[in-house]
Asker: 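Structure below; questions to follow.
Numbers restart at 1 for each chain; the letters A, B, ... are given by sequence-line order, proteins then strands.
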Amino acid sequence: MTRWFMILFAVLAFLSVSAPVPKAFAEEEPKAPPVLKPKKAGVESRLENVKRLLEVSSGADRVKASGNADAIAKREEAIAAMVLAEESFKSKDYKESNEFLGQATTLMFEAVRMVGTGNVSKEKKLDDYNRRAASVNILLEALERISTEKKSGREVETQKDAIEAKVALSKTLLEEEKIEEARRELDEAYELVKVSIEELRGGDTLIRSLEFATKEEEYDYEIDRNDTHRMLIDVLLKEKRKTESIDNMVSKFVTQSESLRKEAEAQAAKGDYETAIATLDRSTKELVRAIRSAGVYIPG
Amino acid sequence: MSMKMRALRIMLMIMLATLYGLSGVGDLARAEAEDSTPQIQRAAKVNTFNRLLKPPSERNLPPAEDGIHDPTSEGTYLLQSPREAFDSLPKSNSGNRVDWVKALEEKYIEPRFDRFDPEKKPMVFDLNIVREVKGSMPDVVYPHKQHTEWLDCSNCHPAIFIPQKGANQISMASILMGEMCGVCHGKVAFPVSECRKCHSQNKTAEAKN
């Protein structure tokens, strides 16, 4: 219930902004979306739903019980828009009816927002604080590492000091149970560490190369690769295998693959990883064939 | 703003809200407080893995039938059906059939970055991490840029990834099981079936085995 309410609140918060219309919609471009043509059945069910929103939803209850005159007045406005929607519906102007329904919904959400969403629990605030602190700490570590790597010098040192000072202040505030202030300092530290990292790393491409220290390690990788493709058969071919001919073909390749895998495992058990790797590769190729034979083209 | 855009914004906001702020992360935070269960396990409960790999008849169902929204809540019926809402957005071949990266880039949509602050813009961070893959399979390019247009650093660091090149053990199998990249891909971002979106860097001829 609270969860739904919070989502409702997010919607509210969203509705209250009238952000600029995106270019693609503002100008006459071939891509412009077709105008929505509401159908009778759709509007009818929406009428019912909006009516419930205004009359019996938890939001409606809260507004009614709030004693907040502004919120109650907003709800009255919403009801007025709803009445207009009903009239338009009766005169078969579904487009207009739909527009009034939109207005009614917006107004009602505004009313609900006026009475608030209740208090966020202290426990949640603390959880959120701790999660944010974990991010700040790990990003600060990354910043330190990168700045050493890049020998970035004084400027980054100064930034780091400023961030650390904010983190320390935030901790003190938290100990004093000033959680809001603590969070504000922490958020500032977070923004700073993001910007510092961006300044150092923005535009970079890092390559994590694949290197195997031993043949055994490479064998383990091949086992993973084999497992991956086996899993892909389940994930990608579930629908296709409902066709018997496809299923038969896939099964044939899978069986071949399985026997090669057993062979590879036996070779590895004897310590012959080199041969085992080659055998596993053949096993995986059978699985790739199975997938492609069902008409799903995967690279590799 | 047109009604349609508005409805679309609501849809999007709800998607993002459910995912990042309101329900999911709240649960995650609680899970973390109660015990040390990895957050990822809780995330899997909220968004069934591979739900983006559905046959056409089950794709983009109306909110009341999608198994995500509460069908007994009146609010659910106020939401526009995704089939209708997505109609004018750039298409993709998978998931909910929308190319969300393109939709954002070309300003078909302009979601808020912050729930409460309409002015706040994301800090877009252009750092690519290339992870080499054996054989002729193209290498994986992980782009921070596209991610930070949607997400905040704290969505991934440290809950999903340690921010250090190579510090995370990532395998395709783990992704397929809904971990690592699979915390999102297959649930709320394009699914694993789109190999080439991740495996986007072809090998040079001599690198192939």
Side-chain angles (χ1 to χ4, degrees), chain A residues 3-4 6-8 10-11 13-15 17-19 21-25 33-34 36 45-46 49-50 52-53 57 98-99 102 105 124 127-128 131-132 134-135 138-139 142 145 190 194-195 198 201-210 221 224-225 227-228 231-232 235-236 239 298-300, chain B residues 1-5 9-10 13-14 17-18 22-23 26 29-30 33 50 53 55 70 73-75 77-78 87-88 106-110 112 115-116 118 123 125-138 153-154 157-158 162-166 171-173 176 192-193 195-196 199:
Chain A
R3 168 167 146 201
W4 167 246
M6 289 180 82
I7 293 177
L8 189 74
V11 172
F14 212 61
L15 276 167
V17 235
S18 40
V21 179
K23 195 162 159 285
F25 289 95
L36 206 73
S45 89
R46 196 170 176 209
N49 290 322
V50 175
R52 262 189 286 166
L53 174 72
S57 67
N98 205 37
E99 276 163 15
T105 309
K124 165 138 182 22
D127 283 349
D128 289 351
R131 283 191 302 121
R132 177 54 48 97
S135 291
I138 198 121
L139 289 173
R145 184 177 43 75
Y190 178 65
K194 276 162 64 168
V195 171
E198 200 277 332
R201 267 277 178 257
D204 283 2
T205 291
L206 303 174
I207 298 170
R208 188 246 189 205
S209 49
L210 187 66
Y221 184 90
D224 265 355
R225 208 159 71 86
D227 286 344
T228 294
M231 286 165 82
L232 284 174
V235 173
L236 301 176
E239 284 298 307
I298 57 164
Chain B
M1 190 171 11
S2 72
M3 296 293 289
K4 182 153 183 176
M5 266 313 285
R9 281 164 160 278
I10 296 174
M13 191 62 207
I14 289 173
T18 321
L22 302 169
S23 60
R30 242 165 282 129
N50 282 334
L53 285 172
D70 178 1
S73 164
E74 61 277 359
Y77 297 87
L78 299 172
D87 201 44
S88 55
E106 297 181 0
K107 296 211 188 317
Y108 279 80
I109 53 169
E110 274 192 303
R112 268 196 188 192
R115 254 190 300 153
F116 302 113
M123 193 201 82
F125 180 33
D126 185 13
L127 164 66
N128 285 342
I129 313 256
V130 179
R131 301 189 57 119
E132 288 183 355
V133 179
K134 198 180 158 186
S136 53
M137 188 75 195
C153 321
S154 59
H157 300 310
I162 298 162
Q164 182 174 352
K165 178 193 89 177
S171 73
M172 200 57 222
L176 283 162
V192 279
S193 55
C195 318
R196 286 201 178 268
H199 292 268

Asker: In terms of heavy-atom pairs under 4.5 Å with chain B, which of A:Lys194, A:Arg201, A:Arg132 leads?
Answerer: A:Lys194

Asker: In the structure I gave you, are the side-chain heavy atoms of B:Met172 and A:Asp224 within less than 4.5 Å of one another anywhere?
Answerer: no

Asker: So, do B:Pro163 and A:Ile138 sit near enough that their side-chain heavy atoms are less than 4.5 Å apart?
Answerer: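 Yes, at least one pair of side-chain atoms sits under 4.5 Å.
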
Asker: Taking the side chain as every heavy atom from C-beta outward, state whether A:Leu206 and B:Asn128 have any pair of such atoms under 4.5 Å apart.
Answerer: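 No, their side chains stay 4.5 Å or more apart.
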
Asker: I need the minimum non-hydrogen distance between A:Tyr221 and B:Lys134, along with the two atoms involved.
Answerer: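 Looking at all heavy atoms of both residues, the closest pair is OH-N, 3.1 Å.
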
Asker: Who pairs with B:Gln164 by side-chain contact (heavy atoms from CB on, under 4.5 Å), at least two apart in sequence or on another chain?
Answerer: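 Checked B:Gln164 against side-chain contact (heavy atoms from CB on, under 4.5 Å); matches are A:Arg145, B:Ile162, B:Ala167.
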
Asker: May I ask you to decide if A:Leu210's main-chain N or O and B:Glu132's side chain share a donor-acceptor pair within less than 3.5 Å?
Answerer: yes

Asker: Say you draw a straight line from NZ of B:Lys165 to OG1 of A:Thr205; how long is it, rounded to the nearest 0.5 Å?
Answerer: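 Rounded to the nearest 0.5 Å, the NZ-OG1 separation comes out at 11.5 Å.
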
Asker: Please state whether the side chain, the backbone, both or neither of B:Ser154 comes within less than 4.5 Å of a heavy atom of chain A.
Answerer: both

Asker: Could you tell me which residues satisfy side-chain contact (heavy atoms from CB on, under 4.5 Å) with B:Pro138, sequence neighbours excluded, listed by chain and number?
Answerer: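 Only A:Pro299, B:Arg196, B:His199, B:Asn202 meet the side-chain contact (heavy atoms from CB on, under 4.5 Å) criterion with B:Pro138.
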
Asker: Roughly how far apart are B:Leu176 CG and A:Asp227 CG, rounded to 0.5 Å?
Answerer: 10.5 Å

Asker: Do the side chains of A:Val195 and B:Met123 get nearer than 4.5 Å, heavy atoms only?
Answerer: yes

Asker: Does any non-hydrogen side-chain atom of A:Ser135 lie less than 4.5 Å from one of B:Cys153?
Answerer: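 Not in contact.
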
